[in-house]
Amino acid sequence: MNNFRLRSINMLDIKQMISEILDEKVPSLNSEEIYNMLEYPPDDRMGDVALPCFKLSRILRKSPVQIAEELVKEIPAHPRIEKVEAVSGYLNFFLDKQSFVEDVLSTVLKEQDRYGARDIGKGKNIVIDYSAPNIAKPFHIGHLRSTVIGNSLYKIFKFLGYNPVGVNHLGDWGTQFGKLIVAYKKWGSKETIEKGGIKELLAIYVRFHEEAEKDPALEDEARQWFVKMEQGDKEALELWQWFKDISLKEFNKVYDLLGIKFDSYAGESFYEDKMPAVIEELKEKNLLTESEGAMIVDLEEYDMPPCLIVKKDGSTLYATRDITAAIYRKNTYDFEKCIYVTGAEQSLHFKQWFKVIQLMGYDWYDQLIHVPFGMVSLGDEKLSTRAGKVVLLEDLLNQAIKRTLEIINQKNPNLENKEEVARQMGVGAVVFSDLSSNRIKDVSFSWDEILNFDGETGPYVQYTHARACSLLRKAEKEVDPNFDPALLSTKEEFKVAKTLYLFPDKVITAMKELEPSIITRYLIDLAQEFNRFYHEHPILVEDEALRNARLALVSAVKYTLKNGLQLIGLSAPERV
RNA sequence: GCGUCUGUAGCUCAGUGGAUAGAGCGUUGGACUCCGACUCCAAAGGUCGCAGGUUCGAAUCCUGUCAGACGCACCA
């Protein structure tokens with residue numbers, strides 16, 4: 001009966017403790033049912049954990065008020081519970097503050113960098129497909145979301161004991177290379193491209209679309225070049241490789257700034273020679289039909305448009321490569337989940353080819369998960385690479401770093417390795433901002449908002465962490481783990497401890513919902529609670545016992561902030 | 001036309017069917033002889049798009065409706 005909660009492995013689970021107490025008093029429900037009824041009240045005056053008795057009302061055939069009032073008399077004295085109150089149909093439990101604070105802080109101080117970590121994913125591989133920029137197109141702010149959401153999920157899974165595999169499914173194959181080759185041959189030159197890099201590639205790509213509007217024949221020409229690529233034409237492939245090299249060099253600059261690495265860069269071209277077998281397999285399984293000259297999998301039965309596998313000119317499509325890649329990844333990594341972090345506008349595409357995998361008879365079709373996110377717009381306008389309407393991610397990050405350096409020069413000009421700290425905080429501001437609301441929401445990019453570091457921002461959390469570090473440095477002595485919890489009796493200290501207590505739960509929830517913003521918002525809550533405590537109570541006081549107890553709290557906050565920041569891909573500099 | 005997602009304070013957003021719907025920004029007014037003021041406190045600001053329904057109880061679930069975003073065959 002006591003093993004139904006994973007999270008009680010490492011620390012006190014207060015809901016479980018209370019559900020066990022209640023289990024004996026409420027025979028009609030088992031411990032787990034009671035556990036699920038318990039909630040955290042909205043206000044401290046209503047206690048720390050509450051049991052709403054309204055549902056019990058029907059079972060026990062009594063009013064909720066009466067049930068609460070009867071139960072309150074039956075709850076036996078418990079060392080970890082200060083008092084229990086019945087208030088208008090709620091049974092409110094007030095924790096014994098001293099033992100709670102002691103339990104939480106000693107757990108954090110013992111686990112340190114591992115506070116919140118678990119081993120629930122031991123031996124399980126999780127493939128995470130994220131970032132996936134298109135070669136020969138600039139890395140712009142629209143690519144940031146996939147990159148940072150995927151990176152955060154990677155860290156979260158790893159923290160929970162999984163073995164994540166980060167795959168950058170580079171968009172290094174497809175018709176756009178045909179367009180680029182045409183554009184290069186007509187308007188480009190080796191010198192200008194080598195000098196201008198990806199910006200020059202973008203310029204000729206934009207020009208292609210302008211010219212193609214006037215002359216649709218260019219599109220046909222581009223398609224022919226792509227067909228040549230698929231047929232192994234030497235000239236086409238050499239140009240392709242060249243474009244790819246230029247692009248990767250550029251992308252790696254951004255990944256370095258962000259501090260992101262991948263386990264695999266197997267992009268679309270990697271699957272080029274693996275697709276014929278899959279197309280053959282689709283044929284053998286009688287899934288492929290011809291329609292308007294193309295080869296499709298008909299999904300009408302499932303209320304979806306058909307999934308295109310082979311174009312009428314014989315070349316392959318996005319879905320062909322995704323299906324091939326999924327099968328390859330299953331064989332290679334034996335994943336428990338394969339997660340695709342892409343824009344919500346691709347939802348139907350994933351739904352379609354997931355269905356194709358199922359129709360092929362693969363029982364792991366339900367291990368494929370699309371993690372969609374909302375669209376980034378620029379003011380009122382949509383970002384468009386074709387129209388050249390973009391904010392380059394490298395420019396954005398460099399702006400943010402520059403802005404941070406200005407602030408440091410103003411506030412803390414003697415700081416060592418200013419440049420590195422400015423990078424960590426400037427990048428942190430951008431990443432934090434991108435991960436601060438639910439991923440499904442559309443975002444409208446604004447320079448003003450992203451470069452404003454006041455309030456609920458990455459720098460705020462990082463600053464709070466640095467301040468905690470500063471206190472611990474000034475204390476000179478290590479925190480004695482045998483602190484006296486009785487000295488941490490104020491409401492600010494208790495609230496900090498309560499917030500610390502929630503962290504492991506938040507990590508689990510973020511993993512289950514594939515939602516890094518849960519961590520981001522938690523960090524703001526924790527930083528706010530800590531800053532209130534910090535303002536209200538002096539920490540480096542004369543009284544050694546009191547000082548040590550408060551430093552224990554500071555230390556626990558420091559570890560938790562650092563762990564949380566790490567999970568969303570941010571650095572936690574000790575001095576800023 | 002069909003489908004998916006979104007709609008909560010002036011703005012950006014939180015909010016597990018549960019108690020008086022919360023933050024930040026902005027506005028107004030405060031707090032540094034004191035551990036780092038990128039901080040903290042306070043005030044003002046709400047028909048949770050709208051209308052029904054389910055429920056002891058709905059911002060949350062259901063139906064309808066309005067508005068916006070996105071998607072719906074050879075782009076990814």
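Order of the sequence lines sets the chain letters (A, B, ...), proteins ahead of strands, with each chain counted from 1.
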Taking [M] as the reference, what is the distance to [N] when you measure between their [atom1] atoms (whole Å, please)?
{"N": "B:A44", "M": "B:A14", "atom1": "P", "value": "26 Å"}
{"N": "B:C66", "M": "B:A76", "atom1": "C1'", "value": "33 Å"}
{"N": "B:G3", "M": "B:A23", "atom1": "C1'", "value": "35 Å"}
{"N": "B:U47", "M": "B:A43", "atom1": "C1'", "value": "23 Å"}
{"N": "B:C56", "M": "B:C40", "atom1": "P", "value": "44 Å"}
{"N": "B:U20", "M": "B:U27", "atom1": "C1'", "value": "25 Å"}
{"N": "B:U55", "M": "B:U16", "atom1": "P", "value": "24 Å"}
{"N": "B:G45", "M": "B:G68", "atom1": "C1'", "value": "25 Å"}

So which pairs with a foot in residues 543-553 of chain A pass salt bridge (Lys or Arg N to Asp or Glu O under 4.0 Å), sequence neighbours left out?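 Applying salt bridge (Lys or Arg N to Asp or Glu O under 4.0 Å) to every pair that reaches into residues 543-553 of chain A, excluding sequence neighbours, yields A:K477-A:E544, A:E493-A:R550.
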
Could you list all the salt bridge (Lys or Arg N to Asp or Glu O under 4.0 Å) pairs where at least one residue sits in residues 288-305 of chain A, not counting sequence neighbours?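 Every pair satisfying salt bridge (Lys or Arg N to Asp or Glu O under 4.0 Å) with a residue in residues 288-305 of chain A: there are none.
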
Where at least one partner belongs to residues 449-458 of chain A, residue pairs that pass side chain to side chain donor-acceptor pair (under 3.5 Å), sequence neighbours excluded: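 Every pair satisfying side chain to side chain donor-acceptor pair (under 3.5 Å) with a residue in residues 449-458 of chain A: there are none.
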
Regarding [X], tell me which of base, sugar-phosphate or nothing describes its non-hydrogen contacts under 4.0 Å with the strands shown.
{"X": "A:L308", "value": "base"}
{"X": "A:G174", "value": "sugar-phosphate"}
{"X": "A:P306", "value": "base"}
{"X": "A:P41", "value": "base"}
{"X": "A:A50", "value": "base"}

For residues 416-425 of chain A, please give each side-chain donor-acceptor pair under 3.5 Å, one per line with the distance, not counting sequence neighbours.
from: A:K418; atom 1: NZ; to: A:N409; atom 2: OD1; distance (Å): 2.8
from: A:K418; atom 1: NZ; to: A:P413; atom 2: O; distance (Å): 3.1
from: A:E420; atom 1: OE1; to: A:R423; atom 2: NE; distance (Å): 3.3
from: A:E420; atom 1: OE2; to: A:R423; atom 2: NH2; distance (Å): 3.1
from: A:E420; atom 1: OE2; to: A:Q424; atom 2: NE2; distance (Å): 3.1
from: A:R423; atom 1: NH1; to: A:L257; atom 2: O; distance (Å): 2.5

I need the [atom1]-[atom2] distance between [X] and [N], as an integer number of Å.
{"X": "A:F177", "N": "B:C75", "atom1": "CZ", "atom2": "P", "result": "15 Å"}
{"X": "A:L299", "N": "B:G3", "atom1": "CG", "atom2": "P", "result": "18 Å"}
{"X": "A:Y205", "N": "B:C75", "atom1": "OH", "atom2": "P", "result": "11 Å"}
{"X": "A:L348", "N": "B:A73", "atom1": "CG", "atom2": "C1'", "result": "11 Å"}
{"X": "A:M375", "N": "B:U4", "atom1": "CE", "atom2": "P", "result": "18 Å"}
{"X": "A:L526", "N": "B:A23", "atom1": "CG", "atom2": "C1'", "result": "15 Å"}
{"X": "A:M37", "N": "B:G18", "atom1": "CE", "atom2": "P", "result": "12 Å"}
{"X": "A:F350", "N": "B:G71", "atom1": "CZ", "atom2": "C1'", "result": "14 Å"}

So, A:Y340 versus A:Q346: side-chain donor-acceptor pair below 3.5 Å or not?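 No, because no side-chain N or O of A:Y340 sits under 3.5 Å from a partner of the opposite role on A:Q346.
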
Can you find a side-chain donor-acceptor pair between A:S315 and A:D313 that sits under 3.5 Å?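 Checked: A:S315/A:D313 side chains pair up, N/O donor to acceptor below 3.5 Å.
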
Does OP1 or OP2 of B:A19 have a side-chain N or O of A:S88 closer than 4.0 Å?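 A:S88 to B:A19 OP1/OP2: no side-chain N or O under 4.0 Å.
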
Would you state whether a donor and an acceptor, one from the side chain of A:N92 and one from the base of B:A19, lie under 3.5 Å apart?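 Answer is yes: a donor-acceptor pair is held.
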
Spatial distance of atom CH2 (A:W353) from atom CZ (A:R321) [nearest 0.5 Å]: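 Answer for the CH2-CZ pair, A:W353 versus A:R321, is 13.0 Å.
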
Residues which pass salt bridge (charged side-chain N to carboxylate O under 4.0 Å, His left out) with A:E529, listed by chain and number, not counting sequence neighbours: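 Applying salt bridge (charged side-chain N to carboxylate O under 4.0 Å, His left out) to A:E529 gives A:K495, A:R532.
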
Which residues satisfy the salt bridge (charged side-chain N to carboxylate O under 4.0 Å, His left out) test with A:K441, sequence neighbours excluded?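 Applying salt bridge (charged side-chain N to carboxylate O under 4.0 Å, His left out) to A:K441 gives none.
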
Identify whether a stacking contact exists between A:Y90 and B:A19, where the ring centres must be under 5.5 Å apart and the planes under 30° apart.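 Yes; by the centre-distance and plane-angle rule, A:Y90 counts as stacking on B:A19.
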
Tabulate below the donor-acceptor pairs under 3.5 Å that side-chain atoms of residues 61-69 of chain A make, not counting sequence neighbours, or state none.
from: A:K62; atom 1: NZ; to: A:E70; atom 2: OE1; distance (Å): 2.8
from: A:S63; atom 1: OG; to: A:Q66; atom 2: N; distance (Å): 3.1
from: A:Q66; atom 1: NE2; to: A:E70; atom 2: OE2; distance (Å): 3.3

Contact string for nucleotides 7-17 of chain B, one letter per nucleotide 5' to 3', B = base within protein heavy-atom range under 4.0 Å, S = sugar-phosphate only, - = neither, reads S-----SSS--

Reading nucleotides 32-42 of chain B from the 5' end, what letters show protein touch, with B for base, S for backbone sugar-phosphate only, - for no heavy atom under 4.0 Å? ---BBSBBSS-

Can you confirm whether more than 12 heavy atoms, excluding those of A:K562, are under 6.0 Å from its NZ atom?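 Atom NZ in A:K562 is not crowded, with 12 or fewer foreign heavy atoms closer than 6.0 Å.
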
Closest-nucleotide ordering on RNA chain B, the 5'-leading residue of A:R58 and A:K351: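 Mapping each residue to its closest nucleotide by heavy atoms, the 5'-most match is A:K351.
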
Can you name the side-chain contact (heavy atoms from CB on, under 4.5 Å) partners of A:A552, sequence neighbours left out?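 Residues passing side-chain contact (heavy atoms from CB on, under 4.5 Å) with A:A552: A:L105, A:L109, A:V479, A:F483.
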
So if I take residues 287-297 of chain A and measure heavy-atom distances to RNA chain B, which residues fall below 4.0 Å?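 Here the set is A:S291, A:E292, A:A294, A:I296.
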
What does the 5'-to-3' dot-bracket notation of RNA chain B look like when only Watson-Crick and G-U wobble pairs under 3.5 Å count, and pairs to other strands show as |? (((((((..((((....[...)))).(((((.......))))).....(((((..]....))))))))))))....

Between A:D44 and A:K491, is there a side-chain N and carboxylate O pair less than 4.0 Å apart?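 No.
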
Can you tell me if A:T464 uses its side chain to pair, donor with acceptor, with the backbone of A:Y460 under 3.5 Å?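 It does hold such a pair.
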
A:D172 backbone acceptor or donor facing A:W240 side chain under 3.5 Å: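 Looks like yes, one N/O pair under 3.5 Å.
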
Non-hydrogen side-chain atoms of A:S377 and A:D442 separated by less than 4.5 Å: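 No; the side chains remain at least 4.5 Å from each other.
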
